[in-house]
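Notes to accompany the following structure.
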Amino acid sequence: MSKKNRLGLPRGIRDISPDKYELYLWLLDRFRAICNKYNYKVMEPATLEFFETLSLKSGPDIANEIYEFKDKADRHLGLRFDLTVGLTRYVTSHPELPKPIRLAAYSVQWRYDEPQFGRYRSFYAWDIEIYGGNEIYSSAEVILLVDKLLKSIGLKHYEIRISDRRLVENVIKYFSPNGNVPAIMRALDKWGKIDKSEIISLINRAGGDNIDDMLSLLFESKESDFLSIINKFGGKILEKVYAILKDDLSVDRVRLDPSIVRGLDYYDGIVFEVKSKKGVEIGSIVGGGSFSKLVSLFGGDMNAFGAAGGVERLLLALEKEGVKIDLKKPPLVLVIPLEEELITYSIKLSEKLRDLSNARIESPVLYRSLKKYLQYANKITADYVIFIGKAEASTGKIKLRDMNKRMEYTVSIEEAAEILSKEKD
RNA sequence: GCCGCGGUAGCUCAGCUUGGCAGAGCGCUCGGCUGUGGACCGAGAGGUCGAGGGUUCAAGUCCCUCCCGCGGCCCCA
């Protein structure tokens with residue numbers, strides 16, 4: 001602590017402290033459990049790709065939004081900005097894989113954005129994909145799985161909103177045959193986020209016509225009317241997916257919402273988003289959809305449907321809802337030698353206790369006063385300490401102190417192990 | 001890439017308006033006598049005031065550039 005040693009980090013990049021990382025691992029455990037149940041294989045796609053591969057998703061403009069650079073051999077590379085591209089490259093370069101292919105990933109990715117609330121330049125995401133299924137059933141399964149995941153981590157206030165880009169596109173073309181479809185879509189995507197009048201002026205600028213009629217059809221119809229209207233615009237697939245989720249699988253969180261178009265690029269069919277109703281300001285916590293076109297850009301020919309979500313945002317949403325995350329850990333024990341010569345004996349004894357119980361045990365790596373050791377025990381919130389003095393070493397018994405109850409027991413190692421194996425309350 | 005607000009001890013911050021000796025609380029280390037802890041009491045260590053440049057007799061304080069943080073836009077997780 002004597003010398004100043006202040007090393008910075010690049011913008012938007014940070015350490016994840018042990019406390020925080022425990023939450024990431026807890027979420028990973030939940031995610032893996034669900035993946036196992038539905039037999040999605042978890043893998044780690046490549047972190048670094050050729051820029052050309054990454055730009056297949058969104059065009060060369062993606063360069064502004066990602067980490068992209070030349071390596072020493074002048075190769076144009078980029079850090080992955082999502083997990084889907086890597087998984088899709090993996091699948092299309094392994095045509096021998098039996099279909100349908102269910103894959104998942106949980107890892108870090110990078111984006112060259114300005115950092116702001118809930119957003120960093122490197123962040124964790126989870127991702128699941130089905131390749132080679134039928135769009136209707138794949139989307140129903142993926143959305144079901146998303147619902148299960150959110151339920152299993154204790155999230156309560158969320159809505160799954162689904163739509164179909166083809167349907168929305170047809171509606172736009174019907175009302176505005178000469179309009180700029182992507183621009184109008186982007187405007188529709190803002191429904192509920194900005195004023196209706198601003199949306200209208202955005203659509204106006206994109207050459208849209210009959211704007212009021214279009215908006216009221218998309219956003220102000222009753223659900224029953226809406227279902228009959230969408231058939232006219234090619235909404236059969238959406239209707240079917242909705243029915244499976246709602247009626248057959250009882251996913252009651254699902255809603256039809258044509259403002260969900262997932263902005264731009266590679267989605268081309270059913271799309272969906274999950275929003276936390278208690279944390280609108282962190283945007284959507286899960287997004288996904290059908291992306292067969294991306295697969296074909298990679299040289300494959302099959303439907304693909306997936307979902308992905310930001311780990312940080314999901315944890316923020318849980319925090320916002322006040323969900324208590326139970327990290328259930330066995331008791332923490334600190335073994336304290338009362339004489340310097342007893343350190344080795346203490347280490348040996350710690351090892352024995354680790355074999356006999358499931359407790360977390362810290363053995364000594366230095367000698368210091370008993371007072372210091374007890375203060376340290378408080379700081380690491382040890383549940384128990386074990387004193388090893390001359391008397392204990394000679395009898396083979398140990399003195400176990402319950403730090404909360406301030407009680408001490410002189411017991412055999414086996415008896416101590418039994419006490420320590422009880423769940424912490 | 002653009003806009004706003006910040007950056008002073010390990011942490012949270014005061015000092016900046018109006019230039020004049022570097023501060024507080026918490027934390028840390030040591031001690032309150034040697035096999036019993038948290039709140040107590042005493043002492044101490046710890047700072048190129050984010051970095052570089054400029055103005056000035058003199059800059060933490062005023063000016064410029066850059067970096068980093070927190071937010072907003074764009075885009076998105």
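When reading the values below, keep in mind they use all heavy atoms of this one structure, side chains included, and skip hydrogens, waters and symmetry mates. Sequence lines set the chain letters: A, B, ... in the order given, protein chains first and strands last, and positions in each chain run from 1.
Contact annotation: A:Arg11 side-chain N/O to B:G69 OP1/OP2 distance is under 4.0 Å. Taking 4.0 angstrom as the limit, A:Gln116 places a side-chain polar atom (N or O) nearer than this to OP1 or OP2 of B:C73.
Comparing B:C74, B:U36, B:G1 against the side chain of A:Lys190 picks out B:C74 as the nearest.
Note on A:Glu114: a base of the nucleic acid sits closer than 4.0 angstrom, heavy atoms only. Counting non-hydrogen atoms under 4.0 angstrom, A:Lys390 reaches a base of the nucleic acid. Base contact: A:Tyr120 has a heavy atom under 4.0 Å from a base atom.
Not a single donor-acceptor contact under 3.5 angstrom links the side-chain atoms of A:Arg119 to the base of B:C70. For B:U36, the base has a donor-acceptor partner in the side chain of A:Lys399 [N/O atoms by modelled type, under 3.5 angstrom]. Side-chain atoms of A:Arg406 come within donor-acceptor range of the base of B:G38, with a qualifying N/O pair under 3.5 Å.
Across the interface with RNA chain B, nearest-nucleotide mapping of A:Tyr124 and A:Gly12 shows A:Gly12 to be the residue nearer the 5′ end. Nearer the 5' end of RNA chain B, as judged by each residue's closest nucleotide, is the contact made by A:Glu408, out of A:Glu408 and A:Gln109.
Distance check on atom C1': B:C62 versus B:C75 gives 38 Å, rounded to whole Å. Rounded to whole Å, the separation between the P atoms of B:G44 and B:C3 comes to 49 Å. If you take atom C1' in B:C64 and the same atom in B:C11, they sit 32 Å apart, rounded to whole Å. Comparing the P positions of B:A22 and B:A9 gives a spacing of 15 Å, expressed to the nearest Å.
Checked for salt-bridge contact, A:Arg253 and A:Asp147 miss the test: no charged N lies under 4.0 Å from a carboxylate O.
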